[in-house]
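Keep in mind it's a predicted model, so treat the numbers as computed, not measured. Just so we're on the same page: letters track the sequence lines, and every chain starts at 1. Any value given below was found using the heavy atoms of this structure, including those in side chains, with hydrogens, waters and symmetry copies removed.
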Number of protein chains: 2
Amino acid sequence: MATIGDVAREAGVSRSTASYALSGKRPISEEVRRRVLAAAEALAYTPNAGARALATSQTKVLGLLAQFHEDEFAPAMMQYILGVTDTARDLGYDTLLVTEADGARALRRITDSRMVDGVVLMNIAQEDSRLPILRAAPQPGALVGLPGDCSGLDVFDLDFEEAGRVMVDHLHRLGHRELILISQPEHVVERGGAYVWRLRDAALERARQRGVTLHAVYGESRQPAVGRLLNGLLDAYPAATGLLINNEAAAAALPSVTYARGLRVPEDLSVIGRYSAEFAATFSLPYSFIESAPDRLGSMAVRQLVRRVESPAARNEPFVVRFISPELVSFGSTAPPRPR
Amino acid sequence: MATIGDVAREAGVSRSTASYALSGKRPISEEVRRRVLAAAEALAYTPNAGARALATSQTKVLGLLAQFHEDEFAPAMMQYILGVTDTARDLGYDTLLVTEADGARALRRITDSRMVDGVVLMNIAQEDSRLPILRAAPQPGALVGLPGDCSGLDVFDLDFEEAGRVMVDHLHRLGHRELILISQPEHVVERGGAYVWRLRDAALERARQRGVTLHAVYGESRQPAVGRLLNGLLDAYPAATGLLINNEAAAAALPSVTYARGLRVPEDLSVIGRYSAEFAATFSLPYSFIESAPDRLGSMAVRQLVRRVESPAARNEPFVVRFISPELVSFGSTAPPRPR
DNA sequence: TCCTGTTGTTGAACCGGTTCGATAGTCGTG
DNA sequence: CACGACTATCGAACCGGTTCAACAACAGGA
């Protein structure tokens, strides 16, 4: 491969002149600039990333730490990842995807070795062992997901509390008085997935305020367990006329369940989900849903991260915690209740 | 951050001695080795990745090029990606995930700049513009998916031909004589997704040999189109007693369709799919299926890639094209036919 | 004509590792 | 006791970029 030395020799100038001609960081005569560019072109010169990183302390790579737990819904993760990689590339960065089980060790590895200019963390837990490491790291970071302690971090997440309230209010306004909320599996909560109870607790609170009965249960992440669970719930609460689903697997399984039971949506049962538009489209879910906008969140996190990476001024700005407000996308799966 | 110079000073030795003590590439006295390790520990020394890459021409990073087209099934991709990242990490490599639309340019960028020691390509098209670049690149590469011309490349893929034959044979043995095969959308084929017609043509051929009528149609990737399509097919071919599905979205949509039509599986209709076990589990698909083993394919590709990266001898071995044979996982969704 | 300022270019140093060749020190051997 | 062999360590060079300080050439002004 051609080095900048080769380009310089070919153009008949010094290495430094070649460097300046290519970067434009110093004035170079039109004549020389043309010769250098022509030489670079002729030799198919591409700067060596390692050498550049060493010289500039910039790698133009961002780290993306994602964790895949058995009981979480892997396909949903894809949208977050694409939001990050696509935006990063638009801004001139590549993405190092790290899925190591030991996230803290992985984070330490990529930051200490200076492989990345910044990091995006996903699957944030309430008490996340990666956060102290991130705070101490020389590179800035951004979180997709809300931890217990946000200090010193930029955080982006869906407003799950508001999502819970919107769901309850929507069905309450239609006249429903008894609802079921099916959340993620309990394991997710135990592992620190705070978003589960953020939505749940806000929904319960709002239901109490409105005088609505809300049966809140943990879900399952797999079939056939989740199908059995749904059936069990519909059996257990025959008076419930509305179903809130904060659980992709349950949403995916619901159509089969309602068909099997001869339930019509929304005539017999009103349904609201919470997932991404992509997920809804792919699985055809015919339910109104709160859009969780994973790609937008990933994109926002990267933009803020890159701002901090590139501007010393931005690095000293106060940290932000930004929630995107839940948007209810209607597919007509809710209606005034009729007793089941 | 501490450099190896700091470690050397702390241990009272030269930089080279510190380097040898840490790498073990030359004999170092027990005493000095201990001092160096202690110093490294005390200073939390981690080698700078850029500097090491520059010195050794090894980045310990693999590139993973994946493309996400609108009409393909994104969630399925996740399993491939995890197969690659997890195996790479086991072997000591990190993964640069590149999802750029212009794959050829992206490949050139990461190979020319020496950001990666090797590359895994996914979403291989029949005529893939990335392949000439990969062949000319100094780094080895591996493909997940079969292109028209495999020369000079290691290729890993499911044996889609055999998958088509297995599906047809299985239903033929049970006594079925009229089948429907629903494939991926036609766009996927137009873009060069050869696996679609590899399965389809082999199934058609085998059906001909067996005297079975096979209606082969292109599918859709989204709802509600795919649901409409399924209904249309069942209307159009009322005598068909078996359904072969090489299309994740169609498989996900089928339960609703059969419920709505009052069709029972397998009593009224035998069904065989082709997707990953993970996909089957997540969506509870109650169908027997050919396991497409994306994680295994990703893992195999990485192992071979790393062999070539690390051993000069392996780099000269002949290239391999390896198919994994389709395994039929039974969920009891097939039975001898009864007229619908 | 001399001084000052501007513009374009250069050599050298540096980033932080690895590795080669040389050397000092130790030991066994003839 | 001299010699060679071997071991442990060191200094220097190198990987391929970027950047700083210095300088040459030339213009304009006094």
Review point. What residues, two or more places apart in sequence or in another chain, satisfy side-chain hydrogen bond (donor to acceptor under 3.5 Å, both in side chains) together with A:Thr59?
Key: A:Asp117
Revision key, fill the gap. Taken to the nearest whole Å, CE/B:Met115 to P/D:dG16 is 17 Å
**Study point:** Axis deviation across the helix from C:dT1-D:dA30 to C:dG30-D:dC1, five-pair ends, to the nearest 10°
**Key:** 60°
Point to revise | Protein-nucleotide distance (B:Glu30, atom CD; D:dA8, atom C1'), rounded to Å | key: 13 Å
Exercise for review: Give the C-alpha distance, both sets of side-chain angles, the deciding distance and a yes or no for side chain to side chain contact (heavy atoms under 4.5 Å, CB included) between B:Leu305 and B:Tyr93.
Suggested key: CA-CA 11 Å; B:Leu305 181 58; B:Tyr93 289 77; over 6 Å; no
Review point. Which residues in residues 42-62 of chain A have at least one heavy atom lying under 4.0 Å from any atom of DNA chain C?
Key: A:Leu54, A:Ala55
Point to revise | Qualifying salt bridge (Lys or Arg N to Asp or Glu O under 4.0 Å) pairs, either residue in residues 8-23 of chain A, two or more places apart | key: A:Asp6-A:Arg9
Review point. If you round to the nearest 0.5 Å, how far is CD1 of A:Ile110 from CZ of A:Arg114?
Key: 12.5 Å
Would you tabulate the nitrogen or oxygen pairs shorter than 3.5 Å linking the protein to nucleotides 22-28 of chain C?
none

Practice item. Salt-bridge test for A:Arg35 and A:Glu31: reply yes if a basic N is under 4.0 Å from a carboxylate O, no otherwise. Key: yes
Study note, to complete from the structure: The complete set of salt bridge (Lys or Arg N to Asp or Glu O under 4.0 Å) pairs with one or both residues in residues 41-63 of chain A, sequence neighbours excluded, reads A:Lys60-A:Glu310
Point to revise | Integer-rounded Å distance: D:dT18 C1' and A:Arg15 CZ | key: 9 Å
Practice item. Would you mind telling me which residue lines up with the more 5' stretch of DNA chain C, A:Glu31 or B:Met1, judged by nearest nucleotide? Key: A:Glu31
Point to revise | DNA chain D: 5'-proximal contact among B:Ile28 and B:Arg114 (nearest heavy atom) | key: B:Ile28
**Study point:** B:Thr99-A:Asp86 side chain donor-acceptor pair, cut-off 3.5 Å
**Key:** yes
Practice item. With sequence neighbours left out, write down each residue that passes side-chain hydrogen bond (donor to acceptor under 3.5 Å, both in side chains) with B:Ser14, or none if nothing qualifies. Key: B:Ser16, B:Thr17
Point to revise | Greater than 12 external heavy atoms within 6.0 Å of B:Arg33's CZ | key: yes
Exercise for review: Run the numbers on A:Asp295 and A:Leu82 for side chain to side chain contact (heavy atoms under 4.5 Å, CB included), then give the verdict.
Suggested key: CA-CA 7 Å; A:Asp295 43 357; A:Leu82 284 176; 6.0 Å; no
Practice item. Not counting sequence neighbours, list each pair that qualifies as a salt bridge (Lys or Arg N to Asp or Glu O under 4.0 Å) and has a residue in residues 298-309 of chain B. Key: B:Asp154-B:Arg308, B:Arg307-B:Glu317
Practice item. Please identify each residue that fulfils salt bridge (Lys or Arg N to Asp or Glu O under 4.0 Å) with B:Arg322, with sequence neighbours left out. Key: none
Exercise for review: Could I get the full list of salt bridge (Lys or Arg N to Asp or Glu O under 4.0 Å) partners for A:Arg108, not counting sequence neighbours?
Suggested key: none
Check your understanding: With distance as the sole criterion, do the side chain of B:Ser16 and the base of D:dG11 form a donor-acceptor contact below 3.5 Å?
Key -> yes
Check your understanding: Which whole-number value in Å describes the distance from A:Arg34 CZ to C:dG8 P?
Key -> 15 Å
Check your understanding: How many Å lie between CZ on B:Arg33 and P on D:dT7, as a whole number?
Key -> 15 Å
Check your understanding: Taking only residues two or more places apart in sequence, or in another chain, which ones meet A:Ser292 in a side-chain hydrogen bond (donor to acceptor under 3.5 Å, both in side chains)?
Key -> none
Exercise for review: Look at A:Lys25 and D:dT18 and indicate whether a side-chain polar atom (N or O) is within less than 4.0 Å of OP1 or OP2.
Suggested key: no
Check your understanding: Rounded to the nearest Å, what distance is computed from the CG atom of residue B:Leu22 to the P atom of nucleotide D:dT9?
Key -> 13 Å
Review point. Among residues 3-14 of chain A, which residues get a heavy atom nearer than 4.0 Å to DNA chain D?
Key: A:Thr3, A:Ile4
Practice item. Using a 4.0 Å heavy-atom cut-off across all strands, classify A:Ser29 as base, sugar-phosphate, or nothing. Key: sugar-phosphate
